[in-house]
Engineer: 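Submitted below is the structure of interest, expressed as C-alpha cells.
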Amino acid sequence: MTQRFLDEVDPPLSELTLDSNHLELAQSSALQQGAENLLTKAIDALAEDDAARADRLVRRALGLPFDDYEECTPAWWQAYMLLFLLITDELEDGPDDESWLDAALQVEAQATGAGRDAVRLALAVIEQDFGLDRAASRRIRERIGTTKPLPSWQDRLPETPDDATAAILQVLTTFNAYDDALDLPADA
C-alpha cells in the first residue's frame, strides 16, 4: 500500500472512539447537571432554614458516581462552581464598582471551612484569570496571598460521607451568604 492511500483511510475503530468520547461527554454532562439540580434545591432549602432537607439533597448529590470524564466528584465540583459563577456573574454583569469584591471579602471573612476555601479559591482564580484593575488585585492578594499553582478543588474533598456532606453544606451556606451580601447597602 502506498502512504497516500494510508493517509486517506480512517484508522481502525476511529468511529467507535469518537462515539465513545461523545457518550462519555454526555454521561459527564448528565452527572454534572444532576448534581447542580440537587444542590440548587439544597441552596433553597438552606434559605428556608430546612437544614434536614438540604442535608438529604446534598447526600443524594454525593451519591452520584464519580465523573471519570471530568475526573471529579460532581457534587463537590458543582458546589464550588455554583459559588464561583455567582461571584463572576456579579463581577461581569453587576454595577461598575467593586461591590462584587466587597461582598466576597466580607463573606470570606465570616465563612468557615470549605465555604471559606471556596471563596478564597474563586478569588485566586479571578485574580489570576480575569484581568482585574490593580486595586482589586491588590485587595485580593492582601487577603488571600498568592498561591501558585492553584490547588486542586477535588483534592480538598473530605473522605467520609458525613464530612463531605458538611463541607458541601458550608459551601452552599457561603453561596447564600454571598447572595445576601450583594443585597446589603454599601455602608452596612
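Note that the numbering runs from 1 along the sequence shown for the chain.
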Engineer: Would you name the heavy atoms of A136 and D133 that are closest together and state the gap between them?
Structural biologist: N-OD1, 2.8 Å
Engineer: If every non-hydrogen atom of A118 is compared with every non-hydrogen atom of L83, which pair is closest and at what distance?
Structural biologist: CB-CD2, 3.7 Å
Engineer: I need the minimum non-hydrogen distance between A103 and L182, along with the two atoms involved.
Structural biologist: CB-CD2, 3.8 Å
Engineer: Taking all non-hydrogen atoms of both residues, which atom of L132 and which atom of I126 are closest, and how far apart?
Structural biologist: CD1-CG2, 3.8 Å
Engineer: Establish whether L25 and L31 are linked, either directly or via other cluster members, by ILVMFWY side-chain heavy-atom contacts under 4.5 Å.
Structural biologist: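 The answer is no; the residues belong to distinct hydrophobic clusters.
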Engineer: Quick one: does any side-chain atom of T73 pair with a main-chain N or O of A75 as donor and acceptor, under 3.5 Å?
Structural biologist: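 A pair under 3.5 Å: no.
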Engineer: What pairs of residues pass the side-chain hydrogen bond (donor to acceptor under 3.5 Å, both in side chains) test when at least one of them lies in residues 80-93, not counting sequence neighbours?
Structural biologist: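 Listed by first then second residue: nothing to list.
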Engineer: Once side-chain hydrogen bond (donor to acceptor under 3.5 Å, both in side chains) is applied, what residue pairs with a partner in residues 112-122 remain, sequence neighbours excluded?
Structural biologist: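 Every side-chain hydrogen bond (donor to acceptor under 3.5 Å, both in side chains) pair that includes a residue of residues 112-122, provided the two are not neighbours, is E108-R116, E108-R120.
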Engineer: Taking side chain as C-beta onward, heavy atoms only, is V119 less than 4.5 Å from L105?
Structural biologist: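 Side chain of V119 against side chain of L105, heavy atoms only: no contact under 4.5 Å found.
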Engineer: Would you confirm whether the ring centroid of W153 sits within less than 6.0 angstrom of the ring centroid of W76?
Structural biologist: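 Yes, the ring centres sit under 6.0 Å apart.
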Engineer: May I have all residue pairs that pass side-chain hydrogen bond (donor to acceptor under 3.5 Å, both in side chains) and include part of residues 36-45, sequence neighbours excluded?
Structural biologist: Q33-N37
Engineer: Where do C72 and P74 come nearest, in terms of heavy atoms and distance?
Structural biologist: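 Minimum heavy-atom contact is O-CD, 3.4 Å.
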Engineer: Side-chain atoms of residues 57-67: list all donor-acceptor pairs with protein atoms under 3.5 Å, sequence neighbours left out, distances to 0.1 Å.
Structural biologist:
from: R59; atom 1: NE; to: D55; atom 2: OD1; distance (Å): 2.8
from: R59; atom 1: NH1; to: D162; atom 2: OD1; distance (Å): 3.1
from: R59; atom 1: NH2; to: D162; atom 2: OD1; distance (Å): 2.9
from: D67; atom 1: OD1; to: S28; atom 2: OG; distance (Å): 3.2
from: D67; atom 1: OD1; to: Y69; atom 2: N; distance (Å): 3.0
from: D67; atom 1: OD1; to: E70; atom 2: N; distance (Å): 3.1
from: D67; atom 1: OD2; to: S28; atom 2: OG; distance (Å): 2.6
from: D67; atom 1: OD2; to: Q32; atom 2: NE2; distance (Å): 2.9

Engineer: Evaluate whether atom CD of Q110 has more than 12 neighbouring non-hydrogen atoms of other residues, nucleotides or ligands under 6.0 angstrom away.
Structural biologist: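 Atom CD in Q110 is crowded, with more than 12 foreign heavy atoms closer than 6.0 Å.
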Engineer: Under the 3.5 angstrom rule, does the side chain of Q106 hit a backbone N or O of A181 as a donor-acceptor pair?
Structural biologist: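 Checking the backbone N and O of A181 against the side chain of Q106, no donor-acceptor pair under 3.5 Å is found.
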Engineer: Kindly write out the residues that satisfy salt bridge (charged side-chain N to carboxylate O under 4.0 Å, His left out) with E142, not counting sequence neighbours, or none if the list is empty.
Structural biologist: R138
Engineer: Rounded to the nearest 0.5 Å, how far apart are OH of Y178 and CG of L86?
Structural biologist: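 Reported value, rounded in 0.5 Å steps: 6.0 Å.
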Engineer: Can you confirm whether more than 12 heavy atoms, excluding those of D155, are under 6.0 Å from its CG atom?
Structural biologist: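 More than 12 within 6.0 Å, yes.
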Engineer: In terms of hydrophobic clusters joined by side-chain contacts under 4.5 Å, are L157 and L39 together?
Structural biologist: yes
Engineer: Side-chain donor-acceptor contacts of residues 165-176 below 3.5 Å, not counting sequence neighbours, with atom names and distances?
Structural biologist:
from: T165; atom 1: OG1; to: P161; atom 2: O; distance (Å): 2.8
from: Q170; atom 1: OE1; to: A114; atom 2: N; distance (Å): 2.8
from: T173; atom 1: OG1; to: L169; atom 2: O; distance (Å): 2.8
from: T174; atom 1: OG1; to: Q170; atom 2: O; distance (Å): 2.8
from: N176; atom 1: ND2; to: I43; atom 2: O; distance (Å): 3.1

Engineer: Indicate yes or no: at least one non-hydrogen side-chain atom of L101 is less than 4.5 angstrom from one of I87.
Structural biologist: no
Engineer: Could you measure the distance from the CZ atom of F84 to the CH2 atom of W77? Nearest 0.5 Å is fine.
Structural biologist: 8.0 Å
Engineer: Give me the atom names and distance for the closest heavy-atom approach of A54 to A45.
Structural biologist: N-CB, 3.7 Å
Engineer: What distance separates E71 CD from S152 OG, expressed to the nearest 0.5 Å?
Structural biologist: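 Reported to 0.5 Å precision, the distance equals 10.0 Å.
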Engineer: In Å and rounded to the nearest 0.5 Å, what is the CD to CG distance from Q78 to L38?
Structural biologist: 11.0 Å
Engineer: Does the side chain of D102 come within less than 4.5 Å of R139's, by heavy atoms?
Structural biologist: yes
